[in-house]
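Structure, as C-alpha cells:
The analysis underlying the following values was restricted to heavy atoms, covering all of them including side chains, and did not include hydrogens, waters or symmetry mates. Whatever order the structure lists them in is the order used to number ligands and atoms, beginning at 1.
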Amino acid sequence: MSDQRSAIATRLLFWAYASLLLFYSCRSRDSRHENEQHPAAEAVQAPAFNADSAYAFIERQVGFGPRVPNTRPHVACGDYLVKKLESFGWKVIEQPFTPTTFDGKKLNARNIIGVFNPEAKRRILLASHWDSRPFADEDPHHKEKAVPAANDGASGVGVLLELARVLRADSGRPDLGVDIIFFDAEDWGNSGSSSPDDEYMGGFCLGSQHWARNKHIANYSAYYGILLDMVGAKDARFPKEGISMEYAGDIVNKVWATGKALGYGAYFVDNTGLRVGVDDHVAVNKIARIPMIDIIHLDPSTGSFFDHWHTTNDTMEHIDPATLKAVGQTLLHVLYQESTPAL
Ligand code: AHN
Ligand code: ZN
C-alpha cells in the first residue's frame with residue numbers, strides 16, 4: 001500500500017472508531033434517561049421479548065391437542081419442540097424414560113433439554129413442563145376429559161421457546177450458558193392422594209424426579225434454576241412461593257426486583273407464605289441440589305391456582321400476551337444481568 005493510501009485508511013479508521021464511541025455514549029445516555037425510575041433495569045440492556053411470538057408457540061402446542069403421554073399429539077408436539085430448539089441453533093438432548101403412574105400405567109415419556117453455549121461454565125437452568133394432564137378433575141362437567149393445557153403446560157414452554165429464539169438472534173453474551181429443560185409427565189398425578197407432599201409427590205413431577213436422579217450430563221450443575229408454571233393467564237399473580245424462598249430466597253428477590261424495575265410489579269407481588277410442595281422445582285432443589293425457584297400463578301387471596309386450572313377451560317382464550325411479556329422480559333433481563341462481565 002502506498003503511504004498516501006495508508007494515511008487515508010488510518011484516517012478513515014480513526015473516524016469510524018470516533019463515531020462508534022460517540023454513538024455508544026449517546027445511546028447509553030438515552031437509556032439512562034428513559035430508565036430513571038427503574039434503577040435495576042438501567043444497569044443492563046437486554047433484547048426485546050416478543051410476546052406475540054411466545055403466544056404463537058403456545059397456540060401451536062395447543063393445536064396438537066392435549067399432549068397426554070402415550071398419545072399421538074404428545075409425540076408430535078415433542079418432535080416439534082426438538083425441531084424448534086434446533087432451528088434456533090440450540091443443541092438438543094432427548095432423555096427418554098418410562099415411569100409408572102400412580103394408576104399403574106407405563107408411560108413413554110421424554111425430557112427435552114436445550115443447551116445454549118455448551119462451553120460456558122456459568123450456567124442458568126430454565127424449565128417448564130410440556131405434558132398435559134390426562135383428566136380434568138377440577139372441571140364441574142368433564143372430569144374424564146384431558147386438559148387442553150394452554151396455561152398449565154404450554155405457556156411456560158412458549159415463553160422459553162421465545163427466549164431460545166431471542167438468544168440465538170442476539171447472542172452477544174458468550175460468557176453465559178443457558179439450559180432449558182422441558183420436563184415430561186409432570187401432570188399425571190393423583191390430586192386426591194392424601195399427601196402429595198411426600199417423596200413420590202402423589203405421582204406428579206415424574207420427569208423432574210427422573211432428571212434430578214439422572215442428569216443429562218454427569219456432574220451437571222447450574223448456578224441456579226427458574227421454573228415457569230402457568231405464566232400466561234390474564235392478570236396473573238406470582239407471589240413469592242415458599243419452597244423457592246426456602247431454597248433460593250435471594251434468587252426470588254432478585255427476579256422479583258427485576259420484574260418490578262421493569263414495570264411489572266402488578267404480576268411480581270410481594271406476598272409470601274404460599275407453598276407449592278408439588279412442582280418440578282422440588283426435585284431439582286431436594287434431589288439435584290440445584291437452587292431453583294418457581295414462578296407460578298397463585299391467587300394470594302385464595303391460595304388457589306389460576307381459575308381454569310385442571311379444567312377443559314384451560315384454553316387459548318385465557319392466555320394474555322401482556323402476562324407473557326412480563327415474565328419473558330423479566331427473564332431476559334435476569335439472564336443479561338448475570339452475563340454482564342464485571343467491569
Ligand atoms: C398440586 O397438585 C398440589 N400441585 C401440582 C403442581 C402442578 C400441577 N402444576 C401444574 N399442574
Ligand atoms: Zn397441572
Side-chain angles (χ1 to χ4, degrees), residues 58 61-62 65-69 73-74 77 99 101-103 107 109 111 126-139 142-160 181-212 225-233 236-239 241-244 273-286 292-299 302-315 318-319 323 327:
I58 300 168
Q61 293 171 75
V62 173
R67 285 78 64 214
V68 172
H74 181 261
C77 184
T101 63
F102 77 92
D103 53 353
L107 304 182
N111 293 325
L126 306 172
S128 196
H129 78 91
W130 70 275
D131 60 306
S132 309
R133 184 162 178 76
F135 12 80
D137 45 356
E138 299 290 329
D139 195 296
H142 307 286
K143 295 192 194 303
E144 72 301 335
K145 283 197 180 163
V147 178
N151 198 28
D152 185 3
S155 68
V157 172
V159 166
L160 295 182
I181 308 188
F182 297 140
F183 288 124
D184 202 354
E186 188 271 350
D187 230 350
W188 196 309
N190 181 5
S191 265
S193 76
S194 51
S195 168
D197 215 343
D198 62 13
E199 224 181 304
Y200 178 62
M201 290 196 263
F204 287 94
C205 306
L206 299 175
S208 54
Q209 293 186 62
H210 178 81
W211 180 83
I226 302 177
L227 176 68
L228 305 182
D229 196 2
M230 304 185 270
V231 292
R237 293 289 172 267
F238 308 118
E241 184 276 323
I243 298 213
S244 310
L274 292 165
R275 265 172 84 88
V276 181
V278 178
D279 210 348
D280 288 324
H281 66 317
V282 176
V284 175
N285 277 307
K286 293 189 180 173
M292 181 180 239
I293 70 165
D294 193 5
I295 302 181
I296 182 167
H297 183 160
L298 277 167
D299 184 333
T302 62
S304 51
F305 296 130
F306 85 111
D307 284 351
H308 308 288
W309 180 65
H310 291 182
T311 73
T312 56
N313 253 327
D314 182 1
T315 52
H318 305 294
I319 300 294
T323 306
V327 174

Q) Parallel, tilted or perpendicular for His310 and Phe204, by the 30°/60° rule? A) parallel
Q: Have a look at Leu107 and tell me which of Asp131, Asp184, Thr101 forms a side-chain contact (heavy atoms from CB on, under 4.5 Å) with it.
A: Thr101
Q) For atom 8 (C) of ligand 1, which protein heavy atom lies nearest, and how many Å away is it? A) Asp187 OD1, 3.2 Å
Q: For atom 7 (C) of ligand 1, grab the closest protein heavy atom and report residue, atom and distance to one decimal in Å.
A: Glu186 OE2, 3.1 Å
Q | Residue Asp152 vicinity, atoms of ligand 1 by number, heavy atom under 4.0 Å | A | 10 (C), 11 (N)
(Q) Would you compute the distance between atom SG of Cys205 and atom NE2 of His281 and round it to the nearest 0.5 angstrom? (A) 9.0 Å
Q | Within-shell test, His310 vs ligand 1, heavy atom, strictly < 4.0 Å | A | yes
Q | Of the N, O or S atoms in Asp187, the one nearest the Zn ion (ligand 2) | A | OD2
Q: Looking only at protein heavy atoms, identify the closest one to atom 9 (N) of ligand 1 and say how far it is in Å.
A: Asp229 OD2, 2.8 Å
Q: Would you check, one step at a time, whether the test side chain to side chain donor-acceptor pair (under 3.5 Å) holds for Asn151 with Trp309?
A: CA-CA 8 Å; Asn151 198 28; Trp309 180 65; over 6 Å; no
Q: Can you sort out which atoms of ligand 1 are near Val278, meaning under 4.0 Å from one of its heavy atoms?
A: 4 (N), 5 (C), 6 (C)
Q) Looking just at side-chain N and O atoms, do His129 and Asp152 make a donor-acceptor pair shorter than 3.5 Å? A) yes
(Q) For the CD atom on Glu144, are there more than 12 heavy atoms of other groups (residues, nucleotides or ligands in this structure) within a distance under 6.0 Å? (A) yes
(Q) Could you check whether any side-chain N or O of Arg237 sits under 3.5 Å from a backbone N or O of Asp299, counting only pairs where one atom can act as donor and the other as acceptor? (A) no
Q. Can you name the N, O or S atom of His310 that is closest to the Zn ion (ligand 2)?
A. NE2
Q: Just give me the atom name: the N, O or S atom of Asp152 closest to the Zn ion (ligand 2).
A: OD2
